[in-house]
Structures are given as structure tokens and as C-alpha cells.
Undergrad: 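Next up is a structure, given as C-alpha cells.
Each ligand, and each atom within it, is numbered from 1 in the order the structure gives. Here, residue 1 is the first one in the sequence, and each next residue gets the next number.
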Amino acid sequence: MTDNYKVELSIVLPVLNEQDNLQPLYDEITSALSGGGSYEIIYIDDGSTDDSIAVLSTIQASDPKVRVICFRRNFGQTAALSAGFKHARGRIIIPMDADGQNDPADIPRLVQKLESGFDIVSGWRRRRHDNVVTRTFPSRVANWVIARITGVRLHDFGCTLKAYRADSLKPIRLYGEMHRFIPALASWGGERVAEMVVNHRPRTRGEAKYGLSRTFKVILDLMTIKFLASFSTKPIYVFGGLGVVSFLGSFLSSLGLLYFKYLASPMIPLNRNPLLILSMMLFTTAIQFILMGLLAEILVRTYHESQGREIYLIDRVLQSGDQD
Ligand code: UDP
Ligand code: MG
């Protein structure tokens, strides 16, 4: 698995309408990396409608270390990063924003930290230069929630600038806005994750692509990964559990019905008692939950067995001789 990497470092940059930022950032990256080991720079153009592609092709023509992947349309930052990771040929992969907000001067320090015994080093924009109302404050709250729920203690999941060992990164599949959850997913898989304060600069050219709405997407993604991580091999525990709770509720409200009909005075006939509706609804819900759980069990088996996916990850096997 290791040692068939072509270069030491792959820098991966998703680009959406960043025409004026590309050349200055490229100059910064090359000067930060000159004197170090071998590297490549991969740009993914995510359906830009300005002159980004023209600028990128000029850069590419002058430097064989540069590769440019152009999407047919806008697929989003996570998709762009995912394509970059797939095409990266480096032993270490470093994604960063193409708008110049991340500082290439941080790259050598990130690599150094990674080499000191980690699989992922995540950047922390301690002094962040973004709009406070729509970005910085919601992101603080979101980061706090993510850290609590995932159990991975990072301050800044959203920072694109991170350093990954390719071996840790390549097996991870990304959907939605999930690139920010890579450290959490990896850490659940047993990888060692560290954090490092990085420089963050205000955007001087071009427009920010996101607003407040991203925070909601991030929270939904968080629910998804947490659910998948905790229950993807045993969904009936979740749905069946909810089913049992609904069933108990239905049973209790049926008892209430009987009490009001036979023991209370004045008695309330069944058809005049709202508990009847409650108990019927809870009963139906209970059956739905349990059936959903059983269906999910079938899906989980299809998922794991069709792709030969195991429900565990093995780090290494200690054995002597050839004991296949
Ligand atoms: N980006 C992208 N596709 C998108 C949105 C953004 O490739 O659909 C890129 C964008 O060009 C930039 C990076 O992702 O290089 C981060 O975007 P932005 O600076 O707007 O986000 P922020 O820094 O505010 O998180
Ligand atoms: Mg930015």
C-alpha cells in the first residue's frame, strides 16, 4: 500500500471563480515549497464562469508540477476536493482554499507536525477574518456541537488547510459538505489526529461562496455521519428501540382508555376519549418503526456484502510463517 507514491506532497485547491487570486497564490505556494521535497499542485475547477480556467491553463503550461482538473459544472467544494484527493499522487496530501485565505507559508509546519507521528493535522484559524454574523459566530457554535457529538476535540473543522497521510485519506468517501468531517471519520477509524494554529487572511479579491445556510447543511451532515457511524451495522437497534417506545406509549394509553371506561366515574366511552386516537397512532407508528428497522437491516447487508465491506478495520496481523 505504501511507497508507490510519485511525489512527497500534493497540494489540492478547489477553484470556483477565483481568477484574480490564482496567480498570486501560485507564486506563494511555489516559494513556500521551493527547497523542500518533491511536490505537485492540483487545481480542480468547479465550474467557474470567470477566467479561472484560462489563468489555470497559463500556470499549467509553465509548470509541469501543476495539474488542472475541470469539472463540467459546479459540483461543490467537497466534490472538488474529493476529485483532487483521488488524483493526488503524493504521500502527503494538503488541501487549501484557492482564494488566498489560507497561507501557504504554513505548509512546511503542517508537514513537520504530521511527520512527528500523526495521520492528520488539522488547521485551526484562531484569528479568523470572515463576516462575524454569517460565518465566524455560526461556525464557532457548529464547531462546538461537532466536537461534542463526534468526540473529536478540534476547534475548527471547517478549515480547508489540513495535512493528511494519503493512506489515511484515500479510503474515505465524501458526500454533501462532508470534507470537514474527514478528521472525525478518520479518528473513528483509529487514525491519529492533531491540530495546529494556522494563519488566516481576509479575502481581498473575489466573493465568498457561502453564507449562513451552510451551517444547516453541516448540522444535517453531522447527523448523517453520526448515525452511520453508530448504527450502520445495527439499524434495528435504533428503529426497533423507537418502535418499542411507541408501543409502550400505545399500551399505556390503552390502559388509560380501559380505566376511563370501566373504573372512573363518570365513565368516558371509548369513542369520546382522545386517548383512543393517541393509542392507535402510537401503535401504527410502532409497527412502522419496526418495519423500517427491518428494511434498514436488509439495506445494511446489501451494502456490506455487495461491496465486500467488512464491519471492522484491521491495523495489522501478527503471525509467523505463511499461515494463509
Ligand atoms: N469553492 C468551490 N466550489 C464551490 C464553492 C467554493 O470549489 O461550490 C472553492 C472556492 O473557490 C474556494 C474554496 O472553495 O477556493 C472556499 O470557498 P470560500 O472562500 O467561498 O469559502 P470560505 O473561505 O468562506 O469557507
Ligand atoms: Mg475563503
Side-chain angles (χ1 to χ4, degrees), residues 10-29 41-57 59 66-88 93-104 106-107 122-143 146 154-162 174-183 198-219 221:
S10 296
I11 313 293
V12 173
L13 302 107
V15 178
L16 177 64
N17 299 339
E18 306 285 3
Q19 57 177 23
D20 300 323
N21 292 314
L22 295 170
Q23 186 67 47
L25 185 62
Y26 166 78
D27 296 337
E28 279 190 291
I29 296 175
I41 307 179
I42 304 177
Y43 291 96
I44 303 90
D45 179 80
D46 186 17
S48 294
T49 49
D50 65 354
D51 282 334
S52 292
I53 295 190
V55 178
L56 288 176
S57 62
I59 294 176
V66 173
R67 269 189 296 159
V68 181
I69 297 165
C70 301
F71 278 180
R72 288 206 177 168
R73 62 168 171 85
N74 178 252
F75 285 94
Q77 193 187 349
T78 298
L81 286 170
S82 189
F85 296 158
K86 182 166 181 201
H87 287 81
I93 300 180
I94 301 194
M96 64 191 294
D97 286 344
D99 58 0
Q101 290 198 266
N102 296 135
D103 187 349
D106 285 322
I107 296 175
S122 183
W124 171 13
R125 297 163 293 178
R126 196 177 207 159
R127 291 175 53 110
R128 203 171 151 176
H129 296 276
D130 279 318
N131 185 309
V132 174
V133 178
T134 59
R135 306 298 311 281
T136 310
F137 179 70
S139 126
R140 275 190 100 107
V141 177
N143 279 311
I146 296 172
L154 296 181
H155 292 89
D156 189 6
F157 287 86
C159 180
T160 312
L161 182 59
K162 295 182 167 85
L174 300 175
Y175 304 90
E177 288 278 326
M178 283 185 190
H179 62 266
R180 71 197 59 246
F181 295 122
I182 300 173
V198 294
N199 191 10
H200 191 243
R201 309 180 289 191
R203 192 188 247 281
T204 49
R205 292 167 290 249
E207 283 169 9
K209 311 296 182 300
Y210 301 105
L212 194 55
S213 66
R214 184 165 70 180
T215 312
F216 296 104
K217 293 187 188 163
V218 167
I219 298 294
D221 279 343

Undergrad: To the nearest 0.1 Å, how far is atom 17 (O) of ligand 1 from its closest protein heavy atom, and which atom is that?
TA: Y210 CE1, 3.8 Å

Undergrad: For the residue pair I42 and F85, establish whether any side-chain heavy-atom pair is separated by less than 4.5 Å.
TA: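 Sidechains of F85 and I42: no contact.
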
Undergrad: For ligand 1, which atoms sit closer than 4.0 Å to a heavy atom of E18?
TA: 10 (C), 11 (O), 12 (C), 15 (O)

Undergrad: Would you indicate whether R140, at its atom CZ, is surrounded by more than 12 heavy atoms from other residues, nucleotides or ligands within a distance under 6.0 Å?
TA: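 Open: at most 12 neighbouring heavy atoms sit under 6.0 Å from CZ of R140.
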
Undergrad: S122 and D156: which non-hydrogen atoms are nearest, and at how many Å?
TA: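 The answer is OG-O, 4.0 Å.
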
Undergrad: Would you name the heavy atoms of A98 and N21 that are closest together and state the gap between them?
TA: O-CB, 3.4 Å

Undergrad: Can you tell which of R135, M96, K209 gets a heavy atom nearest to atom 22 (P) of ligand 1?
TA: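 Shortest heavy-atom distance from atom 22 (P) of ligand 1: R135.
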
Undergrad: Please confirm if an N, O or S atom belonging to D130, backbone or side chain, lies less than 2.8 Å from the Mg ion (ligand 2).
TA: no

Undergrad: Against S139, only a single residue in V141, N143, T136 fulfils side chain to side chain contact (heavy atoms under 4.5 Å, CB included); can you say which?
TA: N143

Undergrad: Could you tell me which atoms of ligand 1, counted from 1 in the order shown, lie closer than 4.0 angstrom to a heavy atom of R203?
TA: 18 (P), 19 (O), 20 (O)

Undergrad: If every non-hydrogen atom of F157 is compared with every non-hydrogen atom of K162, which pair is closest and at what distance?
TA: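 For F157 and K162, the tightest heavy-atom pair comes out as O-NZ, 2.7 Å.
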
Undergrad: I'd like to check which ligand 1 atoms, numbered from 1 as shown, lie under 4.0 Å from a non-hydrogen atom of N74.
TA: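 Here the atoms of ligand 1 in question are 3 (N), 4 (C), 8 (O).
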
Undergrad: Under 4.0 Å, counting heavy atoms only: does R214 come that close to any atom of ligand 1?
TA: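 Contact check R214 vs ligand 1: positive.
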
Undergrad: Okay, side chain of K86, backbone of L81: is any donor-acceptor separation there less than 3.5 Å?
TA: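 Flag not set: sc K86 to bb L81 has no pair under 3.5 Å.
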
Undergrad: Count the heavy atoms belonging to other residues, nucleotides or ligands that lie under 6.0 Å from CZ of F137, then report whether that count exceeds 12.
TA: no

Undergrad: For the residue pair D97 and T160, confirm or rule out a side-chain donor-acceptor distance under 3.5 Å.
TA: yes

Undergrad: What do you get for the angle at the Mg ion (ligand 2) between OD2 on D99 and OE1 on Q101, to the nearest 10 degrees?
TA: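 That angle is 100°.
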
Undergrad: Students should be able to answer this: which protein heavy-atom is nearest to atom 19 (O) of ligand 1, and at what distance?
TA: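 Here the nearest protein heavy atom works out to D99 OD2, 2.5 Å.
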
Undergrad: When you measure from atom 1 (N) of ligand 1 to each heavy atom in L16, T134, L25, which option holds the nearest one?
TA: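 Looking at heavy atoms only, L16 sits closest to atom 1 (N) of ligand 1.
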
Undergrad: Go through ligand 1 atom by atom and flag the ones less than 4.0 Å from a non-hydrogen atom of A208.
TA: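 With A208 as reference, the close atoms of ligand 1 come out as 20 (O).
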
Undergrad: Identify, by atom number and element, the atoms of ligand 1 in contact range of Q101, meaning under 4.0 Å from any of its heavy atoms.
TA: 19 (O), 23 (O)

Undergrad: Any chance you could lay out the side chain to side chain donor-acceptor pair (under 3.5 Å) test for N74 and D46, step after step, and finish with the verdict?
TA: CA-CA 5 Å; N74 178 252; D46 186 17; 2.9 Å; yes

Undergrad: For atom 3 (N) of ligand 1, what is the nearest protein heavy atom, given as residue, atom name and distance?
TA: D46 OD2, 2.6 Å

Undergrad: Who's the nearest protein heavy-atom neighbour of atom 9 (C) of ligand 1, and how far?
TA: P14 O, 3.7 Å

Undergrad: Starting from atom 13 (C) of ligand 1, what is the nearest protein heavy atom, named by residue and atom, and what distance separates them?
TA: D97 OD1, 3.4 Å

